[in-house]
Amino acid sequence: MISSKVIEYMRPLFDIISNSKGKTIGEIKDELNIERSKMVKGASGLIVENLLGIENNNRDEADIPEIGCEIKILPLQKNRDGSIKAKEPTAIQMINYMEVAKETWVTAKLRGKIALTFWVVYLAKKNGKALNQNDYVIVDYFLDHPSDVQNGVFKTDWEEIQSYIKEGRADELSCSMGVYLEPKTKGANNQDKTDAPDGKGGITRARRRAFYYKKNYTNTAIIPNLDLSSIKKK
């Protein structure tokens, strides 16, 4: 259950997105009246830093540490048949193989990144064609607090990923794994590697990966809770 304290803290952010629903990124840029040289590049940066006024955070702590809330920006695609789905998986946190191997689900740092999430959603692709960034449309927001059942699925996915790491098989991790979580490569190139357990008490090297929300999660747990009226008729 989400506490009243959290709701009150988030209310100004709810209002910002509510007032932006149906607007394009281009319109928001004009309204913010920020010099283009100072504008954060990319839709995610613009929404989080310029519109919400929150500094992007790559640390272990939550984006809004006062209430332990993460902010995630979710691009949608509207298909030719009218269905609306997540355009891509959503990055959560880089995987530190050496740390994850020593964690339990109870102590896993990942849990702090998925416990409470403020999703801001925009339309980025329509009828198979990517929109120009200025034409992205702000759709809605959703404050997500996974249920016990959903957390059980996250736990199962995390434990499978951890088992590969502990067995020295970090480089066998695949984005096809998991129901809600996937370990997706996230590095400059195939040679961008980091330390990982070799399964024999030593250390090997493996390609960098991050925990991602699978599209299955956002398609089933986030999108059904959104007001899609601003893009359903377009």
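Just so you know, residue 1 is the first one in the sequence shown, and it goes up from there.
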Side chains of [X] and [Y]: does their closest heavy-atom pair fall under 4.5 Å?
X: L51; Y: V120; result: no
X: I17; Y: I138; result: yes
X: L13; Y: I64; result: yes
X: P146; Y: Y180; result: no
X: Y97; Y: D195; result: no

For a side-chain contact (heavy atoms from CB on, under 4.5 Å) check, start with the C-alpha distance between F154 and I114, then their side-chain angles and the critical distance, and finish with the verdict.
CA-CA 9 Å; F154 282 122; I114 64 174; 3.7 Å; yes
(message) Between R11 and E8, does any NZ, NE, NH1 or NH2 come within less than 4.0 Å of an OD or OE carboxylate oxygen?
(response)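 Yes, charged N to carboxylate O under 4.0 Å.
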**OP:** Please determine if K72 and D144 form a salt bridge, counting it only when a charged side-chain N lies under 4.0 Å from a carboxylate O.
**Re:**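 Salt bridge: no.
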Using the test side chain to side chain contact (heavy atoms under 4.5 Å, CB included), find all partners of [X] that sit at least two apart in sequence or belong to another chain.
X: N127; answer: R80
X: N96; answer: M98, E99
X: A108; answer: E103, W105, R111, W158
X: R207; answer: D171, T185, N190, K193, R209

Report task. Dump the intermediate steps for side-chain contact (heavy atoms from CB on, under 4.5 Å) on I95 and I165, then the final yes or no. Result -> CA-CA 10 Å; I95 300 175; I165 295 170; 4.0 Å; yes
What closest approach, in Å, do A62 and G68 show between heavy atoms, and which atom pair accounts for it?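 Result for this residue pair: CB-C, 3.6 Å.
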Compare every heavy atom of Q150 with every heavy atom of A221, then report the nearest pair and how far apart it is.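 Heavy-atom minimum between the residues: CB-NE2, 3.6 Å.
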Quick check: is [Y] connected to [X] through a chain of hydrophobic side chains (ILVMFWY, heavy atoms under 4.5 Å apart)?
X: I47; Y: L123; result: yes
X: I25; Y: I231; result: yes
X: I16; Y: I7; result: yes
X: L116; Y: F211; result: yes
X: M177; Y: L110; result: yes

Testing Y9, Y141, W119 one by one against F14 for a ring-ring contact (aromatic ring centres under 6.0 Å, His included), which residue passes?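 In the set Y9, Y141, W119, the residue that makes a ring-ring contact (aromatic ring centres under 6.0 Å, His included) with F14 is Y141.
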**Message:** For the backbone of K85 and the side chain of N219, can you confirm whether one donor and one acceptor N or O come within less than 3.5 Å of each other?
**Reply:**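 Here the side-chain-to-backbone pair does not exist.
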Treating N79 as the side-chain partner and D81 as the backbone partner, does any N or O pair qualify as donor plus acceptor under 3.5 Å?
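Looks like no, no N/O pair under 3.5 Å.
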**Prompt:** Does a donor on one side chain and an acceptor on the other come within less than 3.5 Å for N134 and K29?
**Reply:**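 On atom types as modelled, these side chains qualify, holding a pair under 3.5 Å.
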| request: From the options T218, L76, D227, I223, select the one residue that forms a side chain to side chain contact (heavy atoms under 4.5 Å, CB included) with V121. | output: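 The option that passes is L76.
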_With side-chain contact (heavy atoms from CB on, under 4.5 Å) as the criterion, how do R169 and L173 come out once you've worked through the C-alpha distance, each side chain's angles and the decisive distance to 0.1 Å?_
CA-CA 7 Å; R169 302 167 62 197; L173 290 169; over 6 Å; no
| Residues which pass salt bridge (Lys or Arg N to Asp or Glu O under 4.0 Å) with E66, listed by chain and number, not counting sequence neighbours |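 Result, salt bridge (Lys or Arg N to Asp or Glu O under 4.0 Å) vs E66: none returned.
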request  = Would you sort out whether I84 and V139 count as a side-chain contact (heavy atoms from CB on, under 4.5 Å), showing the intermediate values?
outcome  = CA-CA 11 Å; I84 298 171; V139 176; over 6 Å; no
Can you list the residues that meet the side chain to side chain donor-acceptor pair (under 3.5 Å) rule with E88, with sequence neighbours excluded?
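With neighbours one apart ignored, the set is empty.
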